[in-house]
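Below is one structure; the comments refer to it alone.
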Amino acid sequence: MIFLFENFPSFNILFQFGIFVENRGCNSNYIKCAFGVPTVVPCELGLVYQDSIHACNYPDQLIEELGCDPTALLGGFVCPNNQDLSPLARRFAPFPRFPVQGREDLYIICVNNLPRLQSCGATGLFDASTLSCAAV
């Protein structure tokens, strides 16, 4: 039996319960069905849904599998080479940190020279002078 849903005209499933990809590719949402009712669920900030493991993952881990471009997802941010890092950023090597313009609660770390978005949490702000989160 295939379940069709009014709110999701292109979405049909074989089971009343489960986690399913919303759209193929590098997307931050997935669909969770319970008792045949689908709900769109967002991944945590900075993550995308990986259908092969039925969980959210960092975009830089899904370049080949889903065609994710972590640099494009972060507005074109390119991780600098180690020799181009400021002395402060070099302290955090091999995972240097950088502020996100206009967002005091977020920052970017570079892992294997690819950017990842990180959050200071609900009660923290990123301090660009220390490249660390500070409690509010």
Side-chain angles (χ1 to χ4, degrees):
M1 168 183 264
I2 295 178
F3 298 91
L4 300 173
F5 301 100
E6 289 177 19
N7 298 340
F8 300 89
S10 64
F11 180 72
N12 48 53
I13 58 171
L14 297 174
F15 307 101
Q16 288 193 60
F17 296 89
I19 296 175
F20 306 93
V21 64
E22 180 183 34
N23 294 308
R24 297 278 175 220
C26 192
N27 296 297
S28 60
N29 294 331
Y30 59 94
I31 295 177
K32 182 177 182 178
C33 288
F35 300 100
V37 178
T39 303
V40 175
V41 180
C43 291
E44 288 186 34
L45 186 67
L47 302 180
V48 296
Y49 183 70
Q50 184 179 3
D51 191 40
S52 62
I53 64 169
H54 299 288
C56 297
N57 202 347
Y58 289 105
D60 63 275
Q61 299 295 305
L62 302 171
I63 293 170
E64 290 182 28
E65 184 177 334
L66 299 179
C68 291
D69 181 352
T71 296
L73 291 171
L74 292 174
F77 182 88
V78 176
C79 293
N81 295 321
N82 282 340
Q83 65 268 21
D84 297 332
L85 294 174
S86 70
L88 180 59
R90 209 173 285 129
R91 285 182 36 212
F92 294 96
F95 307 111
R97 303 172 179 189
F98 305 92
V100 174
Q101 298 299 326
R103 292 290 305 262
E104 293 179 335
D105 58 329
L106 302 176
Y107 62 101
I108 294 171
I109 65 167
C110 291
V111 177
N112 297 323
N113 211 35
L114 293 169
R116 286 184 181 179
L117 188 63
Q118 300 289 296
S119 171
C120 289
T123 61
L125 295 177
F126 189 73
D127 182 347
S129 66
T130 64
L131 299 180
S132 299
C133 292
V136 180

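All of these numbers come straight from a predicted model, not from anything done at the bench.
- Counting only residues at least two apart or in different chains, side-chain hydrogen bond (donor to acceptor under 3.5 Å, both in side chains) contacts with residues 119-136 comprise D127-S129.
- By the side-chain hydrogen bond (donor to acceptor under 3.5 Å, both in side chains) test, N82 is found to be paired with no residue, residues two or more places apart in sequence or in another chain being considered.
- The distance from the CD1 atom of I53 to the CD atom of E65 is 8.0 Å, given to the nearest 0.5 Å.
- With side-chain heavy atoms closer than 4.5 Å counting as contact, directly or through intermediates, the hydrophobic cluster containing V136 also holds L125.
- In this structure, N112 places its CG atom where only 12 or fewer heavy-atom neighbours from other residues, nucleotides or ligands lie under 6.0 Å away.
- Within the structure, side-chain hydrogen bond (donor to acceptor under 3.5 Å, both in side chains) contacts touching residues 40-49 (residues at least two apart or in different chains) are Y49-H54.
- Annotation: the span from C133 atom SG to F126 atom CZ amounts to 6.5 Å, rounded to 0.5 Å.
- Hydrophobic clustering, with ILVMFWY side chains joined whenever heavy atoms are under 4.5 angstrom apart, keeps V111 apart from L66.
- Here the two rings, on Y30 and F20, have centers that are 6.0 Å apart or farther.
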Quiz: residues 88-109 side-chain donor-acceptor pairs under 3.5 angstrom, not counting sequence neighbours:
unit_1 : atom_1 : unit_2 : atom_2 : d
R90    : NH2    : L85    : O      : 2.6
R97    : NH1    : L131   : O      : 3.0
R103   : NE     : D105   : OD1    : 3.0
R103   : NH2    : D105   : OD1    : 3.3
R103   : NH2    : D105   : OD2    : 2.9

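- Applying the under-4.5 Å side-chain rule to Ile, Leu, Val, Met, Phe, Trp and Tyr, the cluster around I63 extends to L114.
- In the hydrophobic clustering of this structure, V41 groups with I19; members are Ile, Leu, Val, Met, Phe, Trp, Tyr whose side-chain heavy atoms approach within less than 4.5 Å, directly or through other members.
- Atom CG of N27 sits about 6.5 Å away from atom CD of E22, to the nearest 0.5 Å.
- By the ring-ring contact (aromatic ring centres under 6.0 Å, His included) test, Y58 is found to be paired with no residue, residues two or more places apart in sequence or in another chain being considered.
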Only distances under 3.5 Å count here; give the side-chain donor-acceptor pairs of residues 67-81 to other protein atoms, sequence neighbours excluded, each with its distance to 0.1 Å.
unit_1 : atom_1 : unit_2 : atom_2 : d
D69    : OD1    : T71    : N      : 3.2
D69    : OD1    : A72    : N      : 3.3
T71    : OG1    : F77    : O      : 3.4

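- Under the salt bridge (charged side-chain N to carboxylate O under 4.0 Å, His left out) criterion, the residue pairs touching residues 50-64 are R24-D51, D60-R116, with sequence neighbours excluded.
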